[in-house]
There are 2 protein chains.
Amino acid sequence: MATKKRTRQQKPENKRLDIRDVARHAKVSIATVSRTINRVPSVDKDLAKRVWKSIAELNYFPNTQARALVSGRSRILGLLISEITNPFFPELIQGFESIAVENNYEILIGSTNYDVPSMESCIRRLLERNVEGVAVMTFGIEGPLLNELASRNIPMVFVDEAPPSPRVSTLLVDYRQGIREGVQHLAALGHRKIAFITGPLQQRSCQLRRDAFLHSLEEIGLKLPKEWLPAGDHTLEGGMRAMEEILRLKELPTAVMCSNDMTAIGVLRVLARAGLRVPEDISVIGFDDIHLAEFVNPPLTTVRMSRADLARAAFEALRIHVEGTEKTAKQIWPIPTRLTVRQSTGFPPGTMPKLASRTKA
Amino acid sequence: MATKKRTRQQKPENKRLDIRDVARHAKVSIATVSRTINRVPSVDKDLAKRVWKSIAELNYFPNTQARALVSGRSRILGLLISEITNPFFPELIQGFESIAVENNYEILIGSTNYDVPSMESCIRRLLERNVEGVAVMTFGIEGPLLNELASRNIPMVFVDEAPPSPRVSTLLVDYRQGIREGVQHLAALGHRKIAFITGPLQQRSCQLRRDAFLHSLEEIGLKLPKEWLPAGDHTLEGGMRAMEEILRLKELPTAVMCSNDMTAIGVLRVLARAGLRVPEDISVIGFDDIHLAEFVNPPLTTVRMSRADLARAAFEALRIHVEGTEKTAKQIWPIPTRLTVRQSTGFPPGTMPKLASRTKA
DNA sequence: AAGTGCCAGTAAACCAATTTAGTGAGATAC
DNA sequence: GTATCTCACTAAATTGGTTTACTGGCACTT
């Protein structure tokens with residue numbers, strides 16, 4: 001008998017602090033504590049003060065699980081990325097996390113590792129944890145599980161991809177601006193032979209970068225042999241392979257633009273091995289402006305896309321649907337890009353014969 | 001009347017799938033569904049089959065929050081790191097996450113950003129989400145909130161630091177082995193003047209690396225002027241500053257070892273700027289063997305500490321306390337380190353006069 | 001044929017919060 | 001002086017699972 005009623009009588013010492021402990025301590029009801037915590041305005045000022053004092057004294061904080069269960073809000077957002085070891089993503093995560101945490105959300109990171117099964121398992125994990133929204137920062141809308149996210153009406157945000165349902169937003173990046181600046185920068189230096197190493201073209205973002213490049217080239221009346229448009233895969237190794245491919249060609253470009261910085265760093269590496277100097281023999285431009293770009297040799301001229309902006313836009317796009325009244329609309333943001341000139345770009349070889357001559361060491 | 005009982009009668013269409021939906025569908029009791037899901041062995045085989053079939057057909061999965069609430073187990077582990085943009089950590093996260101996910105845990109990442117207030121706020125977040133264990137991969141045991149973790153008896157694991165309570169394990173890294181290999185590698189090449197750039201010495205790990213270096217130097221009878229032991233902070237910029245400091249000295253070392261790879265990459269950068277060639281003019285060794293080490297110019301000779309091993313050890317150390325019967329013991333693992341020789345180390349200048357001569361371009 | 005296990009099923013307690021319906025006290029209206 | 005209206009408070013239902021105590025049916029003992 002006594003043991004049966006134990007739960008309400010005496011605390012099994014190691015128990016977590018309860019909302020009813022606070023209520024008891026502040027000598028008010030449980031509901032009043034709840035209302036105080038949730039800042040319902042009707043609570044009497046003096047009572048609220050007493051409650052806050054008790055909360056502070058007991059060092060209490062509410063149980064997130066219980067809260068999530070009853071309110072139906074997990075306060076968790078999912079963040080789907082390609083691969084955490086690609087330096088672009090940690091910078092993105094940092095931005096997304098800080099703004100999420102500021103707003104009392106926790107984030108769950110899923111790395112799709114560029115393959116569909118891992119992506120499916122990521123999405124399942126997110127579903128099981130009842131995420132309130134998902135920022136998809138990796139490619140691939142395919143897959144039945146993603147449909148499940150949509151069918152559960154979970155808000156999502158994609159980059160550059162078209163939303164397949166309501167409560168799904170798209171973030172548009174203005175690749176044109178930055179890439180045009182890059183091409184014009186090269187052209188102004190005197191370059192006429194410019195190659196471009198693409199990313200994995202399944203990704204819409206990579207198509208858009210390539211198209212922006214081709215468009216900018218056309219604008220200034222330059223043509224591009226199709227051998228000068230090799231495909232990388234946004235990894236360092238892929239950049240190395242693509243550049244090796246270019247080096248095997250009869251006619252070399254005097255400048256190479258890359259779909260991202262990791263590719264460009266791979267390019268730098270291959271050029272250094274081949275004994276070609278950057279920028280004296282060949283100029284290189286990256287894309288993203290990852291932290292590392294400033295520290296490679298030579299420091300990389302690159303198109304900057306602010307990860308902080310991207311993260312913030314992604315969060316706000318989600319918030320509109322998660323918290324707001326906006327239940328059906330889909331929103332679009334334009335993320336700007338700008339060229340950052342460092343030391344991997346210079347005059348093409350031959351134009352300043354006294355200072356730079358093509359020498360293979 | 002009718003509306004009052006609605007909840008149990010008809011579903012408000014958009015409601016989440018319930019365990020009782022499954023029970024109804026499989027024509028068994030709720031308890032049986034629960035037992036089946038949790039693989040209680042006493043469940044009748046045919047019944048279990050029916051339940052699994054229903055689960056699959058309805059595409060049901062249990063509500064994690066409700067489960068966590070009643071079972072008292074959140075299946076969330078905390079991972080405290082210094083800074084996600086330091087490439088060491090993404091690699092660590094990758095390892096820790098993959099093993100955690102394999103075991104049905106989710107991880108919550110907290111970046112302490114090298115300052116105590118952020119660390120406190122991270123710990124508070126972890127507490128609020130009811131983490132079952134925390135892997136502390138950054139320095140600083142101080143702070144009342146960390147005591148709170150300990151006082152709540154939440155299992156933790158530290159690297160190189162002494163546990164302040166039971167249910168707290170320590171991971172020991174065998175710095176000696178790898179660093180000795182590095183020093184002996186340099187000595188074998190002919191180096192006698194070796195500098196060492198430390199990390200932030202508040203961290204026990206950094207002290208240990210430094211001590212391992214000093215010990216190895218002593219072993220082979222070399223002395224070190226104290227100007228050759230400048231402090232970095234494990235960032236690239238810190239490495240640059242420390243190397244600039246060394247370059248201002250009257251007598252230069254012929255080799256520099258670094259407390260981590262980011263420091264070494266900063267060193268390479270400063271040396272390149274100063275017109276010193278690596279390894280012809282000066283040899284450089286890093287520590288960690290981050291992915292990037294292979295791709296800098298020249299590829300970095302470095303001491304490898306497997307992030308995967310570290311992550312696995314951390315997870316297992318936590319698991320013992322979280323799941324196991326081991327309620328009070330503290331465990332210790334030895335994580336091995338080995339030298340990886342690449343191209344940033346070579347003979348000291350002057351020893352092979354025909355091939356390498358000290359030239360400042 | 002009665003007694004004893006052994007399982008599966010039922011119903012209810014429980015976890016820690018939110019939220020709704022209902023209550024009671026004080027203020028205002030008539 | 002009583003009726004009515006606020007408004008803040010309390011009590012209880014609810015969320016979706018797990019778990020326990022209890023019940024009932026079937027098989028095996030003796």
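Every chain is numbered from 1 and lettered A, B, ... according to where its sequence line falls, protein lines coming before strand lines. Any value given below was found using the heavy atoms of this structure, including those in side chains, with hydrogens, waters and symmetry copies removed. The model shown is predicted, which means the values in this text are computed figures rather than measured ones.
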task = Kindly state which residues belonging to residues 124-133 of chain B come within less than 4.0 angstrom of DNA chain C, counting heavy atoms of the residue only, listed by number.
result = none
Electrostatic pair A/Glu97:B/Arg125 at N-O distance under 4.0 angstrom = yes
Pairs where residues 44-56 of chain B contributes a residue and the test side chain to side chain donor-acceptor pair (under 3.5 Å) is met, not counting sequence neighbours = B/His25-B/Ser54
query = Counting just side-chain N and O atoms, does A/Thr32 come under 4.0 Å of either OP1 or OP2 of D/dT10?
reply = yes
request  = Round to the nearest Å and state the distance from B/Ile55 atom CD1 to D/dG17 atom P.
outcome  = 10 Å
key: By side chain to side chain contact (heavy atoms under 4.5 Å, CB included) - contacts of B/Pro155 (at least two apart)   = B/Arg167, B/Leu318, B/His321, B/Val322
Separation of atom NZ in B/Lys27 from atom P in C/dG9, rounded to whole Å = 14 Å
request  = Not counting sequence neighbours, which residues clear side-chain hydrogen bond (donor to acceptor under 3.5 Å, both in side chains) with B/Thr32? List them please.
outcome  = B/Ser29
message = Taking side chain to side chain contact (heavy atoms under 4.5 Å, CB included) as the definition, give me every residue that meets it alongside B/Ser74, ordered by chain and number, with sequence neighbours left out.
response = A/Gln65, B/Ile76, B/Asn130, B/Glu132
request  = Mind calculating the distance between CD1 (A/Ile30) and C1' (D/dA8) to the nearest angstrom?
outcome  = 17 Å
note = Residues at least two apart in sequence or cross-chain that pass side chain to side chain contact (heavy atoms under 4.5 Å, CB included) with B/Arg312, listed by chain then number, are B/Ile99, B/Glu316
query = Between B/Tyr60 and D/dG16, does any side-chain N or O lie under 4.0 Å from OP1 or OP2?
reply = no
inquiry  = What is the distance, to the nearest angstrom, from the CD1 atom on B/Ile19 to the P atom on D/dT19?
reply    = 11 Å
remark   = A/Arg20 atom CZ is separated from D/dA11 atom C1', nearest whole Å, by 12 Å
request  = Could you state the atom-to-atom distance from CZ of A/Arg24 to P of D/dT10 in whole Å?
outcome  = 14 Å
query = Quick one: salt bridge (Lys or Arg N to Asp or Glu O under 4.0 Å) partners of A/Lys27, sequence neighbours excluded?
reply = none
inquiry  = I need the residues from residues 36-46 of chain A with at least one non-hydrogen atom less than 4.0 Å from DNA chain D; give them sorted by number, or say none.
reply    = A/Ser42, A/Val43, A/Asp44
Residues in salt bridge (Lys or Arg N to Asp or Glu O under 4.0 Å) contact with B/Glu83, at least two apart in sequence or another chain = none
query = Heavy atom of residues 62-76 of chain A under 4.0 Å from DNA chain D: which residues?
reply = A/Leu69, A/Val70
task = Keeping to residues at least two apart or across chains, list the salt bridge (charged side-chain N to carboxylate O under 4.0 Å, His left out) pairs with something in residues 60-70 of chain A.
result = none
query = Is the shortest side-chain N to carboxylate O distance from A/Glu128 to A/Arg124 below 4.0 Å?
reply = yes
B/Ala317: side chain to side chain contact (heavy atoms under 4.5 Å, CB included) partners, not counting sequence neighbours = B/Val157, B/Ser169, B/Leu171, B/Trp333
